Amino acid sequence: MRIDLHTHSNRSDGTTSPGALVRHARETGIDVLAITDHDTTEGWAEASEAAAAEGLTLVRGIEISCKLEGSAVHLLAYLPDPAYGPLVDELGRILDGRNARLPATVAKLRAIGSDIEEDDVRRIAGDAAGIGRPHVADALVDKGVVQDRSEAFDTYLGSRGPAYVKRYAAPLEEMVRTVAAAGGVSVVAHPWGRRYTHQALDEARFAALKEEGLSGIEVDHQDHDEPTRAELRSIARNLGLVVTGSSDYHGEGKVDHDLGCNTTDPEELSRLLDLARASAQVAGRTTPEVLLP
Ligand SMILES: [Zn+2]
Ligand SMILES: [Zn+2]
């Protein structure tokens, strides 16, 4: 069974529709796919319709923009009740912050001589629920200012870049609690990835997060080299956290993140689903049952 638990559609910064994402996963031989757009559940309905048609098992997820001691941390939330008020409110705050960031980013880019308009970015963002830096990056590629998204981030949009603008992100520990209260489970995405600081997320911190309800760590991710994976795997084992692996697929939006390039062990998935079932029961929320092939 091939399991990929972290992918993006064009409802955030991926380049394929949720339906096309599911069909592509099927063609690639994926049996279980999670759709985890940034800060939105907008792709869920289309993805689940396509999954039913294709006979693929879909896990509904969200990759939530969080912060820990000033550093960005991404939290994968699986199977939360999407109607749970506090979760809806917090995702709304994050998306508002994202959208408010655009004019400020464009102003900074124009101030340093890039001929770019808000509309260039909006056109590229299309159906996305929130406009993010990847869309600005794509607009810069479109204008011929840079070659690809990576260059846009390295040169302009990264946290040390001249066009960087801060935005709202949810406090990590609070969000872990909110996801649990919504009947879902949470997994820290690529915790020691390239753009993140390791110091804040050490074993003691993971232990504290587990106390708040954290279920797992995304260990196998392209941003982690082998020694990093080994160290994170041993932290997960020590703490009894689930280990996941995934592609973080973005369609054409990210190179070297092909569907299924990292996968999750079936046993780890069933542990995660057991935890989700227990979480939904404790929280008294209804979340869709995931039937494994
Ligand atoms: Zn991420
Ligand atoms: Zn992602």
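Every number for a ligand or one of its atoms is a count from 1 in the order of the listing. Computed from a predicted structure; not experimentally measured.
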| task | Please answer whether the main-chain N or O of Thr244 pairs with a side-chain N or O of Glu218 as donor and acceptor at a distance below 3.5 Å. | result | no
| query | With ILVMFWY side chains joined below 4.5 Å, transitively, what does Val59's cluster contain besides itself? | reply | Met1, Ile3, Leu5, Val32, Leu76, Tyr78, Leu79, Val185, Val187, Val242, Leu269, Leu272, Leu273, Leu275, Val290, Leu292
| request: Locate the shortest heavy-atom distance separating Leu21 from Ser9; write the atom from each residue and the value. | output: CD2-CB, 4.2 Å
| request: Identify which protein N/O/S atoms are less than 2.8 Å from the Zn ion (ligand 2). | output: His6 NE2, His8 NE2, Glu63 OE1, Asp248 OD1
| Any Lys/Arg nitrogen of Asp13 or Arg133 sitting under 4.0 Å from an Asp/Glu carboxylate oxygen of the other? | no
| request: Give me the other members of the hydrophobic cluster that Val282 sits in, counting Ile, Leu, Val, Met, Phe, Trp and Tyr linked by side-chain heavy atoms under 4.5 Å, directly or via other members. | output: none
| query | Transitive ILVMFWY cluster of Val165 at side-chain heavy atoms under 4.5 Å: who else is in it? | reply | none
